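Note that this is a predicted model, so its numbers are computed, not measured. Just follow the structure's listing: the first ligand is 1, and inside any ligand the first atom is 1.
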Amino acid sequence: MSYQNLIIQNKNSIAQVTINREKALNALNADLLKEIRDCFSELSQNREVRVVIITGAGDKAFVAGADIAAMSQMNASQAKEFGGLGHQAMDAIDHCAKPVIAAVNGFCLGGGMELALSCDFIYASEKAKLGLPEVNLGLFPGWGGTQRLARLIGKGRAKEIIFSAKVLTAQEAFTFGIVNKVCPPESLLSDVKTVAAEICKKGPVAVSLAKQSINKGFDLELAEGLRQEREAFPRCFETEDLKEGLKAFLEKRPAKFEGR
Ligand code: CAA
């Protein structure tokens, strides 16, 4: 599939998705949201891809939020549709069968922060600025920000950030546990590719099941989360990868996983 606002590069089992609307600081309009939704559904099924990286075009912004000019023309029912599209795009990332890493290279605001929070984890450039400043506009975060940020860092800290529209430096976001690593701008992508390459060497089905298990279990009571983990665990024993992984260990050589 080809996309107007996304650049997709596949190399060594890593897909890099670049949001390419630099003139508007990669702000997300309806067309972009549909492309993100479709692209991540496709990557989820793509057997050539083991890890996905998402970043923004240019050196100024990851994504500066939902498209404010487009929202200025919307009534409540159009906003409901736009909000629904935002959720579809974020869910496509969250539910993608492959790990998705956000490489946050600049402004990561509003819908951009919600997009990053839908990824499995975030690396950020030292220059990045992250926040949910929607209340400055008379809006509140509507693409999962109220839910995903509170689950990640706790209700009190999420409320302070959202109510005050506080924009965090990358270092502050690291301290809060939003960002896993702060990188010099020039090495951000290579640092993300290094961790992606490490993940690519692991059993792909096992990594995917681990992602599903963590995500599903997070919203459940512990006993229920443990139950769903117990049910998913034996599925590894139906894979060629597990046979290869165990054999390689016993033969003292690196495993060569095929993802089946
Ligand atoms: N939507 C549409 N266009 C945007 C945009 C956005 N979210 N953010 C920036 N742009 C556009 C600007 O309008 C400008 O376009 P023109 O050159 O045509 O005027 C261009 O990108 C460059 O932006 P600035 O001139 O403003 O650049 P700056 O360096 O002075 O400031 C910034 C950068 C601080 C990120 C500033 O652009 C800004 O505050 N942007 C809006 C951030 C924001 O409020 N995001 C939340 C949006 S609401 C949301 O996301 C709702 C939701 O939860 C779903």
Asks: Can you tell me the protein heavy atom closest to atom 52 (C) of ligand 1 and the distance?
Replies: Glu134 OE2, 3.3 Å
Asks: If you scan the protein for heavy atoms around atom 17 (O) of ligand 1, do you find one that is closer than 4.0 Å?
Replies: no
Asks: Which of the atoms of ligand 1 are close to Gly111, meaning less than 4.0 Å from one of its heavy atoms?
Replies: 49 (C), 50 (O)
Asks: So does Phe174 have more than 12 non-hydrogen atoms from other groups sitting under 6.0 Å from CZ?
Replies: no
Asks: Are any non-hydrogen side-chain atoms of Ile14 and Cys200 less than 4.5 angstrom apart?
Replies: yes
Asks: From the options Glu22, Glu114, Lys23, select the one whose nearest heavy atom is closest to atom 21 (O) of ligand 1.
Replies: Lys23
Asks: Below 4.0 angstrom, counting only protein heavy atoms, does anything approach atom 14 (C) of ligand 1?
Replies: no
Asks: Please state whether Pro141 comes within less than 4.0 angstrom of ligand 1, counting heavy atoms only.
Replies: yes
Asks: Any side-chain to backbone donor/acceptor pair from Ser208 onto Ala97? Under 3.5 Å, distance only.
Replies: yes
Asks: Any protein heavy atom sitting closer than 4.0 Å to atom 45 (N) of ligand 1?
Replies: yes
Asks: For atom CD of Glu221, is the number of surrounding heavy atoms from other residues, nucleotides or ligands below 6.0 Å larger than 12?
Replies: no
Asks: Tell me which part of Ala64 gets within contact of ligand 1: side chain, backbone, both or neither, using heavy atoms under 4.0 Å.
Replies: both
Asks: For atom 4 (C) of ligand 1, what's the nearest protein heavy atom and its distance?
Replies: Ala24 O, 3.8 Å
Asks: Return the closest protein heavy atom for atom 41 (C) of ligand 1 as residue, atom name and distance.
Replies: Ile68 CD1, 3.7 Å
Asks: Following the transitive rule for hydrophobic clusters with a side-chain heavy-atom cut-off under 4.5 Å over Ile, Leu, Val, Met, Phe, Trp and Tyr, establish whether Leu85 and Ile93 coincide in one cluster.
Replies: yes
Asks: Lys60 near ligand 1, heavy-atom distance under 4.0 Å?
Replies: yes
Asks: Is atom 23 (O) of ligand 1 touching the protein, meaning some protein heavy atom lies under 4.0 Å away?
Replies: yes
Asks: Starting from atom 7 (N) of ligand 1, find the nearest protein heavy-atom neighbour and note its residue, name and distance.
Replies: Ala66 O, 2.9 Å
Asks: Given the protein's heavy atoms, is any one of them under 4.0 Å from atom 30 (O) of ligand 1?
Replies: no
Asks: Between the side chains of Asn215 and Asp94, is a donor N or O closer than 3.5 angstrom to an acceptor N or O?
Replies: yes
Asks: Which atoms from ligand 1 have a heavy atom of Gly110 less than 4.0 Å away?
Replies: 46 (C), 50 (O)
Asks: If you measure from each non-hydrogen atom of Leu137 to ligand 1, which part falls under 4.0 Å: side chain, backbone, both or neither?
Replies: side chain
Asks: Look at atom CD of Glu251 and say whether more than 12 heavy atoms of other residues, nucleotides or ligands are closer to it than 6.0 Å.
Replies: yes
Asks: Please state which option from Phe107, Trp143, Phe140 has its nearest heavy atom closest to atom 33 (C) of ligand 1.
Replies: Phe107
Asks: Has Gln78 got more than 12 heavy atoms of other residues, nucleotides or ligands less than 6.0 Å from its CD?
Replies: yes
Asks: Does Glu48 CD have over 12 foreign heavy atoms under 6.0 Å away?
Replies: no
Asks: Please say whether Gly142 places an N or O atom under 3.5 Å from an N or O atom belonging to ligand 1.
Replies: yes
Asks: By number and element, which atoms of ligand 1 are closer than 4.0 Å to a non-hydrogen atom of Leu109?
Replies: 35 (C), 42 (C)
Asks: Are there protein heavy-atom neighbours of atom 10 (N) of ligand 1 below 4.0 Å?
Replies: yes
Asks: I need the single residue from Arg253, Arg260, Lys256 that forms a salt bridge (charged side-chain N to carboxylate O under 4.0 Å, His left out) with Glu244. Which is it?
Replies: Arg253
Asks: Any protein heavy atom under 4.0 Å from atom 26 (O) of ligand 1?
Replies: no
Asks: For Ile122, run the side chain to side chain contact (heavy atoms under 4.5 Å, CB included) check against Ile178, Asn180, Val182 and tell me which one passes.
Replies: Ile178
Asks: Is the CD atom of Glu126 crowded by more than 12 outside heavy atoms at less than 6.0 Å?
Replies: yes
Asks: Can you check whether a protein heavy atom sits less than 4.0 angstrom from atom 39 (O) of ligand 1?
Replies: no
Asks: Under 4.0 Å, heavy atoms only, figure out whether ligand 1 is touched by the backbone of Met71, its side chain, both or neither.
Replies: side chain
Asks: Can you name the closest pair of heavy atoms from Cys39 and Val17 and give their distance?
Replies: SG-CG2, 4.1 Å
Asks: Return the residue, atom name and 0.1 Å-rounded distance of the protein heavy atom closest to atom 37 (O) of ligand 1.
Replies: Leu25 CD1, 3.7 Å
Asks: In terms of hydrophobic clustering (I, L, V, M, F, W, Y; side-chain heavy atoms under 4.5 Å; direct or indirect links), are Ile36 and Ile53 co-clustered?
Replies: no
